[in-house]
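Chain letters run A, B, ... following the sequence lines, proteins first, then strands; residues in each count from 1. Given the structure is predicted, the values throughout are model-derived calculations rather than measurements.
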Amino acid sequence: VTVRERILVVDDEPQIRRFLRPSLEAAGYDIEVATNAAQALHDIASHMPDLIVLDLGLPDMDGKSVILHARESSDVPIIVLSARDQESEKIAALDLGANDYVAKPFGIGELLARIRASLRSRRLQSGEVSELLIGKLRIDFAVRRVSLDGRPVALTPKEFDVLAILARNVGRVVTHRQLLEAVWGPAHLQDTQYLRVFVGQLRAKIEANASEPAFIVTEPGVGYRLAEDEGRA
Amino acid sequence: VNDSPPAFAVRAVVVPFFAVALVVLAGHTLQAWLPPPSVALLFVLPVLACAAGFGTSSGLIAAVLSFFAFNYFFIEPRYTFAVADPQEVVALAALLLVAGFTGALAGRMRQQTRAALRRAEILQRLYDFSGDLSSAASRDGVWNALIAHATAVIEGEAVLVGWNEDDSVLLLSSSPRGVELEPVDVASAKRCIRANVLTPASAPGWPGARFEFRPLRTSRGVLAALGLAPRSGARKVAPEDEQGLASLLRHARIALERIEFEEETARAIQSAEQEKLRSALLSSISHDLRTPLATILGSVTSLREFGPGLSEEVRDDLLGAIEEETRRLSQFVANLLTMTRLDAGLDLKRDRVDPGDSIRAAAERARKAFPDQVFLITIPSDVRSVRADPLLLEQVVANLLDNAARFSSPGRSVEVAAMNEASAVAVTVTDAGPGISADERSVIFDKFFTRAPPGKFAAGTGLGLAICKSAMTAMGGSIDVQSPVADGVGARFIIRLPFAKEQDRLNAGGTR
């Protein structure tokens, strides 16, 4: 018997909860609902969910404080529901440790894809997976080797690091800041231009058409995302 | 002080003669008892009196007269100007010296007293002026106060000349009212403002100018020219008035700069208000558009993705959510458009409208949006036509019904009624909700004021009642609110629109 994963939905808009609950249940998750930050913090403290869907605009507290509190004690995946005009809020939330975001309005399929990606990347992060196959792209974390359609691809160590981080978060956005900090260290947080060059080299080696990338997708102003399947974001 | 100069001068000369004559008589009467030197002392009196009363010159005249009179009447041989005893020459000389000195001294004291009085007068005037200025709320107030006080200082006519946008001059104020300026005066005023200099009335090249103009300077340059024409006919302002005038101009400058500052502050506050309104509008638009859109897209994609996997009940609820949110969006968009129209003051119709039509149309919309809510409508058959924009009126009633339904208590109806009053039709919308406190009654018509009904829907957009207010004002009607209505609960909104006039065009029914 597989245990259903439990999702905590934090949103103060009754109309949003109205369709989130039945569709997430239909997708096979157990749903818990909080209508404000205080209730969300209480739920997290009493029984940690497997994933949190969090609206940033809450009536009682900034949604980001929920991320901070949750991150103090756990690495539970958090998906932020954000508005298009809250670009900086969204990036701040991701840098605070949110795993991904979905901009309102969104189709339920998009949210479900993000939920699946976040739950899977949690397993990848924990090191249970040593090898990953994305379409024709095979990444072997243990021996740091990459092959495309069976042919080995020669990557520099830094290029492999960038790809490995994206791969461990496959389907999820990774911010510029997170990539820069992980690969080049905290002194290079502002060097997004540097990152762009590396991603360009990486694309030249693994993409069929580097000008229309199918693997490494750009999230404008935010970061990069490794597509789950070739040709499908 | 009030004497005119010629009469005053005559008296200053004549009075010493009388005074000295009086002392001669007194001395003659008293000489049996007084020794001659004491009689000489008596002559100090007229000198002192004349100097104090009419100034130094008058005193000196009295001194000389005294000298001759004493010699003539009291020194042997009498009734001649000859002097027998050489000692008497010394006495006479002493008398002349003392009398002259006393006269000069008393005259100077008189001058100082007069100057002190004058200064006190100017101070009082300045004090009054600054009082007038500090209460002046506008430039016109400053102009008028300046003119009134300048007129009092110079005792004559005064004008204040400023600029128009097109470089022509403008008479800001004058005393007496309606002073006509000759072209030479206008030219002189222009030169004063442009060159920032005093232009005298008798300046070469401006021979006919009646007024002497001096610039009113502020931190923004010369604002105006103050023209002065003393009544005495003098071409120049008296030197002793210069200081007072300079003070008046300085005070006026401070007052003008204060008004400038106040206006700037008011402008800054207003633009901050507008900025606040704009950002409130933006966040309202982004929130009130996004939530319904997110609900619709989320519900539709849920139905698509899981359609058969969802229970009949859930599918129905999702469809209900889509319908509700679409209506909410459409109401919001209608309100936004109405608000834009009202703010821009665009095409407002003034038609003959049957209020019943607008009420029924609004109620139909409300019944669809709130299927569980009962709406009771009472419209008497004789209700008069009103002068209104039919779609705007429908929007107002729809907003009131939407509000009433959202705050209504379960199981209680929302009542709508129309009735004829003396010159207007009143439409009331009454709910049995929690009511509106006195504090809230003062702000409910403000844009973006919102309050969520207890535990039901989310708060509204904060536009509905604000639009009702602007729409009713634009249509020449009014809107009021009463709360509580009965048993301490409920709220009633009353809108009033004037009866249609004969010439108002009949509205064919919402064609636009």
Side-chain angles (χ1 to χ4, degrees), chain A residues 4 7 9-31 33-36 39 53-60 62-63 79-90 101-116 232-233, chain B residues 278-332 369-370 406 450-461:
Chain A
R4 282 159 70 99
I7 297 180
V9 172
V10 189
D11 199 319
D12 63 318
E13 294 286 349
Q15 302 292 67
I16 304 285
R17 300 198 302 267
R18 198 166 159 187
F19 71 83
L20 275 185
R21 181 191 274 278
S23 24
L24 292 182
E25 277 173 354
Y29 301 103
D30 276 346
I31 303 303
V33 162
T35 60
N36 56 48
Q39 201 186 334
V53 174
L54 173 70
D55 190 334
L56 283 181
L58 293 175
D60 55 341
D62 189 336
I79 295 176
V80 165
L81 301 182
S82 80
R84 285 203 196 286
D85 57 340
Q86 294 171 330
E87 191 77 6
S88 56
E89 287 284 291
K90 179 168 77 190
Y101 72 91
V102 180
K104 282 185 187 174
F106 55 85
I108 197 73
E110 197 183 347
L111 177 63
L112 287 171
R114 297 277 180 276
I115 290 175
R116 280 195 301 270
R232 205 188 122 194
Chain B
R278 250 203 296 280
S279 78
L281 175 64
L282 218 82
S283 77
S284 166
I285 291 175
S286 76
H287 176 268
D288 294 302
L289 285 178
R290 188 177 306 113
T291 304
L293 284 176
T295 308
I296 293 167
L297 185 59
S299 301
V300 168
T301 51
S302 295
L303 284 168
R304 228 189 235 281
E305 188 105 356
F306 302 107
L310 299 170
S311 70
E312 183 74 35
E313 203 183 330
V314 167
R315 283 206 303 265
D316 237 31
D317 188 54
L318 290 180
L319 286 171
I322 294 167
E323 188 179 345
E324 276 169 38
E325 293 305 289
T326 309
R327 284 190 201 290
R328 205 165 112 184
L329 262 186
S330 126
Q331 174 92 348
F332 180 66
F370 301 92
R406 285 193 300 122
T450 60
R451 196 187 73 180
K456 286 172 80 185
F457 303 81
T461 60

Closest approach of B:Leu329 and B:Leu293, non-hydrogen atoms and distance?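 Minimum heavy-atom contact is CD1-CD2, 3.8 Å.
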When B:Val314, B:Leu303, B:Thr295, B:Leu310 are compared by non-hydrogen pairs under 4.5 Å with chain A, the top option: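 Ranked by heavy-atom pairs under 4.5 Å with chain A, first place is B:Thr295.
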With a 4.5 angstrom heavy-atom cut-off, is it the side chain or the backbone of A:Leu112 that approaches chain B, or both, or neither?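 Interface part for A:Leu112: side chain.
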Output every pair passing salt bridge (charged side-chain N to carboxylate O under 4.0 Å, His left out) with a member in residues 303-312 of chain B, not counting sequence neighbours, ordered by first then second residue.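 Qualifying pairs, neighbours excluded: B:Glu312-B:Arg315.
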Heavy-atom cut-off 4.5 Å, strictly under: side chain, backbone, both or neither for B:Leu318 against chain A?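 The side chain, not the backbone.
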Checking side chain to side chain contact (heavy atoms under 4.5 Å, CB included) between A:Leu81 and each of A:Leu56, A:Leu54, A:Leu111, which is the one that passes?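 Of the listed residues A:Leu56, A:Leu54, A:Leu111, the side chain to side chain contact (heavy atoms under 4.5 Å, CB included) partner of A:Leu81 is A:Leu111.
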Those residues that, when tested against B:Asp316, pass salt bridge (Lys or Arg N to Asp or Glu O under 4.0 Å) (two or more places apart):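 Partners of B:Asp316 by the salt bridge (Lys or Arg N to Asp or Glu O under 4.0 Å) criterion come out as none, since no residue qualifies.
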